[in-house]
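Report on the following structure.
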Amino acid sequence: MSTNLSTNLNTPLSMNRTLSDADIVRLTDRIELAQRSATAIPKLTEDFPGMTLGDGYAIQRALLRRWLADGRRQVGWKAGLTSQAKMDQMGVRVPTVGFLLADMARPENSVIATDDLVHPRVECEVAFVTKADLSGPDCSRADVLAATDFVVPAIEIIDSRFAGFKFDLQSVVADNSSSARYVTGGRARLPADVDLSTLGVVIEKNGEPVAMGASTAVAGHPADAVALVVKVLHEIGEYLPAGSFVMSGGITEAIAVQRGDFVSARFQELGSVSLRFA
Ligand code: OOG
Ligand code: MG
């Protein structure tokens, strides 16, 4: 059954926690090992069926703290599951956020290794770079646009660490919303110079079109997905600092890729982003 996208995007999330601190550490270890070794694991709710969304974010934040302590650098955040196509594909109907680290970035037109990924998929997204802080429970599309320095097209390479790329909301949040790699390219544009709600995009794999859509699919307007990131960050006691890189979520369903594939996403007004898998 299809549910209403805007209802799902606007319902406040409960961040209640049920797991003990020791279980949060245990599950953070499990996710960290799965990510580092590119090994699929069962979804966390198989062992912890009572786990909540708040527990999922507690694990994600513990993972972020560990990696920052290791010297990795955060560049921003991403929204996940912000389009009907993505919600339908994954069977999860609540949007998520995940953190983005500098070392997850790959250059445009580069060759992306697959041997350190479990089962990668690509998504095309409108990405924002901010020039002012955004915070609070009431962040709006207008607030996001006023705080946007420029937008750029991006391909995200997601990689669920859960077997069969199947998960529930709590598990995918703990797994940092399947974040793995991202590539930006094309042309940076000022938000005032493009109609961000009507940008068409076509994804080609090995020269064949495999998915197409328009940016309105993302929460009605991709800036609304960025506002949603700010609201979720508020729920977990964070804000979006100036200079953040934010991906607004896949416009179409994600496309599975394997070694040897060449992927190119053409965005109306924003140019194209290409990459190859090896
Ligand atoms: C969760 C991450 C979704 C997006 O753009 O919707 C996401 C997943 O589908 O594995 O990054
Ligand atoms: Mg994505």
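All values derive from a computational prediction rather than experimental measurement. Indexing begins at 1, ligand by ligand and atom by atom, following the structure's order. Heads up: numbering here begins at 1 and tracks the sequence.
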Inset, instruction - Examine I236 and L44 and state if one hydrophobic cluster contains both, with Ile, Leu, Val, Met, Phe, Trp and Tyr joined whenever side-chain heavy atoms are less than 4.5 Å apart. - result: yes
Inset, instruction - Report the relative orientation of the aromatic rings in F162 and F167; use parallel for angles under 30°, tilted for 30 to 60°, perpendicular for over 60°. - result: perpendicular
Inset, instruction - Mark yes when over 12 heavy atoms from residues, nucleotides or ligands other than R259 sit less than 6.0 Å from its CZ; otherwise mark no. - result: no
Inset, instruction - Step through the shown structure and confirm whether more than 12 heavy atoms of other residues, nucleotides or ligands are within 6.0 Å of CZ on R266. - result: no
Inset, instruction - State yes or no: are the ring centers of F245 and Y182 separated by less than 6.0 Å? - result: yes
Inset, instruction - Go through the steps to decide whether E156 and K78 satisfy the test salt bridge (Lys or Arg N to Asp or Glu O under 4.0 Å), and finish with yes or no. - result: CA-CA 10 Å; E156 181 176 23; K78 64 173 248 185; 2.9 Å; yes
Inset, instruction - Mind listing the closest non-hydrogen atom pair of M247 and A127 along with its distance? - result: CG-CB, 4.1 Å
Inset, instruction - Anything with a heavy atom under 4.0 Å from ligand 1 counts, so go ahead and list those protein residues by chain and number. - result: K78, A79, G80, L81, K86, M90, E123, E125, E156, I158, F165, F167, V172, S177, S178, G249, G250
Legend entry - Under-2.8 Å protein N/O/S neighbours of the Mg ion (ligand 2), ordered by chain then residue number: E123 OE1, E125 OE2, E156 OE1
Legend entry - K131, NZ: over 12 other non-hydrogen atoms inside 6.0 angstrom: yes
Inset, instruction - Check K166, R30, K43, R161 against D175 for a salt bridge (Lys or Arg N to Asp or Glu O under 4.0 Å) and give me the one that passes. - result: R161
